Amino acid sequence: MTDSDGALKHLAFFEELGKMDEANANWRAVSAGLVTIRFVDNWIASGAGVCRADAWAVSAVRESIAEIGDALPVKRILKGVVDVVVSATSLNLHVLVPRLLAYAQALQYDDKWSLAADVCQTIVSHADPIVDSDLVVTAYLQLGFCLRSVGELDSAAAAYAHASEVALAAGDMIGVLRGRLGDARIAVARGNMPYAESIVDETIGRAEAHGLADVKSRALHDRAWIAGIRGHYDRAIKFSYEALEVAVTQQDRDRILGNIATGFRYLGLSDIARDAYLVLAATAQEQYVRWMAELNLMELAATQSVELQFDMYRRTLESADFSPPLRATYLLHVGRGYHALGKSESGIPYLERAIELAASHGLNHLLFEAEAALGDAKRNKRYVKPDADWQSAASVRHVIDAISDMRQTSGV
């Protein structure tokens, strides 16, 4: 099946399958996902009656889903998609779209950003932006997030703009403001921190004015993230904890805790940061968040001169199926880790690859960090472990106590 311009539809699925061994359980899950999405395409193109009339197609898609291991949540999700299509008496996308969104979310949890983007693109290509505006806005926001995660910044920016446009037409202030937060994230990825900061500050004010606690939490989280990038680590921790207190979902809480951990790390309080990263590595819902926690634990091990632990994380994560931004982050952290261990020469190839990858995907913030790290490594500049900033830490003592409680509760 191809688009009108001749391009293969759902290319991301075909590319993913091409990278995998057919004996892998995940291959069956991706294959069933592709079969299901093409089944949905046929339903949309041909009408509701075609699925009931074509018993062979229904049987084939159900058999493909049945081959997925019972432990994988996508099995239930894809079965629900097919059930809706088969039982529909009319072309009712309103009932189908939430299940497709759930499938896209499950793919995101497994760090399958390109696949999730493909599913979201299917939704926005066919759902009615007037009748199902809330679902279309959500799909565009997810699409923007996925595209940004694989470094496709122009396409991500367009998705966020569409989300805001649909939300504005529907009088959906939450959608409008979340689209603006997407714009801020694009600005950060492109290295324009002042512009990103102004967008987020504006969004916090508008969220407060409209009593939108969830949007305020998201905006405070982004504000903290930007403060951390700009070196204001105590402010990053404060903003993050404010966001944590009003966060609605576990996914949001995981990401906020990652911000808090990074803030403490840059304050020189490595033990507190490590506690938070250990909690995330063990309990976070998303694979992306767990991987980021492990990447930070890897570099922390190097800065604390625990070379065996650093090397364990380096070898374990080397074969991970990272998206380009995560792969660039891995290369950057390995390069800086070797530098911290006094082995700058070993880290230089990693940093050079990080620069090449970040430049090719327009990941300017990672590019700047990698270039600075490479300069330090080539000069063999002595790594100086940051002193613990106990004065700043005193203002966030309540956050330190909260992290200690989290680690005890999680049992890690």
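Since the structure is predicted, the reported quantities are computational estimates derived from the model, not experimental observations.
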Taking everything shown except [X] itself, do over 12 heavy atoms lie less than 6.0 Å from its [atom1]?
{"X": "Glu202", "atom1": "CD", "answer": "yes"}
{"X": "Phe322", "atom1": "CZ", "answer": "yes"}
{"X": "Lys79", "atom1": "NZ", "answer": "no"}
{"X": "Glu356", "atom1": "CD", "answer": "no"}
{"X": "Leu278", "atom1": "CG", "answer": "yes"}

| request: Identify whether the distance between the nearest side-chain nitrogen and carboxylate oxygen of Asp154 and Arg190 falls below 4.0 Å. | output: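 Looking at Arg190 together with Asp154, the answer is yes, because their closest N to O distance falls below 4.0 Å.
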
| So, are Arg314 and Asp311 salt-bridged, with charged N and O less than 4.0 Å apart? |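 Judged by the 4.0 Å cut-off on N to carboxylate O distance, Arg314 and Asp311 do form a salt bridge.
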
| message | I want to know whether His398 and Tyr241 have ring centres closer than 6.0 Å. | response |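 Ring centroids of His398 and Tyr241 are less than 6.0 Å from each other.
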
| field | All pairs passing side-chain hydrogen bond (donor to acceptor under 3.5 Å, both in side chains) where residues 115-131 contributes a residue, at least two apart | value |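 Every side-chain hydrogen bond (donor to acceptor under 3.5 Å, both in side chains) pair that includes a residue of residues 115-131, provided the two are not neighbours, is His10-Asp118, Gln121-Ser125.
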
| Among Arg180, Arg178, Arg185, which one satisfies salt bridge (charged side-chain N to carboxylate O under 4.0 Å, His left out) with Asp222? |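 Running salt bridge (charged side-chain N to carboxylate O under 4.0 Å, His left out) over Arg180, Arg178, Arg185 with Asp222 returns exactly one hit, Arg185.
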
| request: Look at the rings of Tyr266 and Tyr233 and say which category their plane angle falls in: under 30° parallel, 30 to 60° tilted, over 60° perpendicular. | output: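 Correct class here is parallel.
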
| message | Does the plane of the ring in Tyr338 sit parallel, tilted or perpendicular to the ring in Tyr350? Use 30° and 60° as the thresholds. | response |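 It falls in the tilted class, 30° to 60°.
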
| Should Asp21 and Trp27 count as side-chain neighbours, where that means a heavy-atom distance under 4.5 Å? |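 Result no, sub-4.5 Å side-chain heavy-atom pair not found.
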
